Engineer: 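I'd like to ask some things about the structure below.
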2 protein chains.
Amino acid sequence: MTMSSSIDQRVSLAVSTVIFALRPHPDSGLMTLWLPLVRRIREPYEGQWALPGGPLEADEDLAASAQHTLERTTGLAPHYLEQLYAFGNVDRSPDDRVVSIVYWALVRPDEVARAVDGENVEWFVADELPPLAFDHTSIVDYALARLRAKITYTPIAHAFLPEEFTLAELRAVHEAVLRTTLDPANFRRQALASKTLVPTGTCLQGTSHRPPALFRFEAGAPSPAPEEQR
Amino acid sequence: MTMSSSIDQRVSLAVSTVIFALRPHPDSGLMTLWLPLVRRIREPYEGQWALPGGPLEADEDLAASAQHTLERTTGLAPHYLEQLYAFGNVDRSPDDRVVSIVYWALVRPDEVARAVDGENVEWFVADELPPLAFDHTSIVDYALARLRAKITYTPIAHAFLPEEFTLAELRAVHEAVLRTTLDPANFRRQALASKTLVPTGTCLQGTSHRPPALFRFEAGAPSPAPEEQR
DNA sequence: GGGGGTTAGTGTTGACGTGACTTTAAGGTC
DNA sequence: GACCTTAAAGTCACGTCAACACTAACCCCC
């Protein structure tokens, strides 16, 4: 603990984030998973797309560093943030040794609108990515797998939605993430059985059909540190 | 990526491991989870017990570094090793900033016998630990939760056993880890349904009752990188 | 060598969750 | 008011699993 491994061995520590959001697919119009990428402006992999990230800030916890780097590079403030994995293989960067502690995050549609969409930040369909820098392609694949697994047994879908939402909207999130269709009746049963949805008492008005009830997400027992993981 | 965060900000990177093994409890005689701890010989927390670990080796991947540090400090070679979490809160070490990438491991009983049990390495019952250095108590708690969760939906229990084992032995592992009793008939059905157990054809002889069949663990599809996580 | 003890292994039953599907309710539109 | 559309509730069959009963195969002991 006294010898700093980083000084002697020049291991640099980065924090990156895989950010997911939902918006319609340009071709089909279906709700689809998107994620923002940043164009690299230095070697190695100059000009290629990569995950937003940066060096760990000395005075910040890991999650806070991920969040701030995210804010700085993309302007996004996620509504869900969880550590994904620490990637540190020797050969994952051609020059230096870089250990990346990667987080994954979910953002709401209103955030997406606020995000900077400048020259070096662009949104891509999660399942149709260009070749990425470093090992970021496999990192995104892993994050995708984790998201799809976790949404099936944990109520995180609401992180893609505004405060109040209908069951149809919640189901649309699941369908978009999992790329399937779900039976509305069965989805309703299962969603209400989880006890994490609280009806607001109001209904969404202005539809050309029966008005659906609005719900709000209510956290159950606070999750133990650091996460539950199942 | 060009600025090394570690040099400027003196963040050191450590790799530690929570190692689990099974042996009888000294009081009850029941099979119980144990883990080896290392006594710290330097400040901070000098004299206190801590997880085995050390600085990340420059020429090793993360998992390899965990394995080698383990070998060096405790003499143990695990049969299962998985990344647990990266702990990096600013205040987790009183002096320097230390980010620990923590792994968890399972070892077989024959390994436990081979392990060094010197002055500064000692085995403890996992649920009856003394106060540990740094945030290692909460790390162990998290590893315990992960082990108990993962053993229920993944065939890792065999990593506590020799190559060939009976279903009763496998069930005893589950019971020891989860601290419950399990129905032998239902456990058998569920274990055989997973298709990961291959009968060797032979039976364990020398028992004072009906001889049980011996099984061997056969890996199914190789797990995707980095892990499956569910 | 037969009865009893012990564990291995098989079978049966009922409760529960879930997928597929039907039915009723509540709006708007024409 | 007929009709369309989606919300919401209800029905049914099937598979899973916990609980429990039952048979099988050894050893021990008298």
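A quick note: this is a predicted structure, and the numbers were derived from the prediction, not measured.
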Engineer: Take the protein atom CG of A:Leu204 and the nucleotide atom P of D:dT5, then report the distance between them rounded to whole Å.
Structural biologist: 19 Å
Engineer: To the side chain of B:Arg210, which of C:dA26, D:dA7, D:dA25 is closest?
Structural biologist: D:dA25
Engineer: Please classify the nucleic acid contact of B:Thr166 as base, sugar-phosphate, or nothing, using heavy-atom distances under 4.0 Å.
Structural biologist: nothing
Engineer: Rounding to a whole Å, what distance do you find between B:Phe187:CZ and C:dG9:P?
Structural biologist: 12 Å
Engineer: Under 4.5 Å between any side-chain heavy atoms of B:Val99 and A:Leu56, yes or no?
Structural biologist: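 A side-chain contact under 4.5 Å exists here.
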Engineer: Whole-Å distance between D:dA7 P and A:Leu170 CG?
Structural biologist: 12 Å
Engineer: Rounded to the nearest Å, what distance is computed from the CG atom of residue B:Leu192 to the P atom of nucleotide C:dG9?
Structural biologist: 9 Å
Engineer: Under the side chain to side chain contact (heavy atoms under 4.5 Å, CB included) test against B:Phe160, which residue among B:Leu33, B:Val107, B:Leu170 passes?
Structural biologist: B:Leu33
Engineer: With sugar-phosphate meaning primed atoms plus P, OP1 and OP2, does B:Ala185 contact a base, only sugar-phosphate, or nothing at under 4.0 Å between heavy atoms?
Structural biologist: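 Base, at least one base atom sits under 4.0 Å.
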Engineer: For the pair A:Thr152 (side chain) and A:Ala149 (backbone), establish whether a donor and an acceptor sit closer than 3.5 Å, ignoring hydrogens and angles.
Structural biologist: yes
Engineer: List the steps, then state whether ring-ring contact (aromatic ring centres under 6.0 Å, His included) holds for A:His174 with A:Phe187.
Structural biologist: CA-CA 10 Å; A:His174 278 82; A:Phe187 180 83; 5.0 Å; yes
Engineer: Go nucleotide by nucleotide along DNA chain C from the 5' end; which of A:Gln205 and A:Gln190 gets its closest nucleotide reached first?
Structural biologist: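 Checking each residue's closest nucleotide, the 5'-ward one belongs to A:Gln190.
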Engineer: Taking for each residue the nucleotide of DNA chain C bearing the nearest heavy atom, is the 5' side occupied by A:Gly206 or by B:Leu167?
Structural biologist: B:Leu167
Engineer: C:dA8, OP1 or OP2 - any side-chain N/O from B:Arg188 closer than 4.0 Å?
Structural biologist: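 For C:dA8, neither OP1 nor OP2 has a side-chain N or O of B:Arg188 closer than 4.0 Å.
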Engineer: Side chain of B:Arg189: nearest nucleotide among C:dT12, C:dG9, D:dA7?
Structural biologist: C:dT12
Engineer: Using whole Å, report how far CG of B:Leu178 lies from P of D:dA18.
Structural biologist: 12 Å
Engineer: Should B:Asp127 and B:Arg179 count as an ion pair when the cut-off is N to O under 4.0 Å?
Structural biologist: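 Salt bridge: yes.
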Engineer: Looking at the side chain of B:His209, which of C:dG27, C:dT6, D:dA8 is the nearest nucleotide?
Structural biologist: C:dT6
Engineer: Which sits closer to the 5' end of DNA chain D, A:Ala168 or B:Asp183, going by the nucleotide each is nearest to?
Structural biologist: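 The residue whose closest nucleotide sits nearer the 5' end is A:Ala168.
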Engineer: Could you tell me how far apart A:Asn186 (CG) and D:dC12 (P) are, to the nearest whole angstrom?
Structural biologist: 16 Å
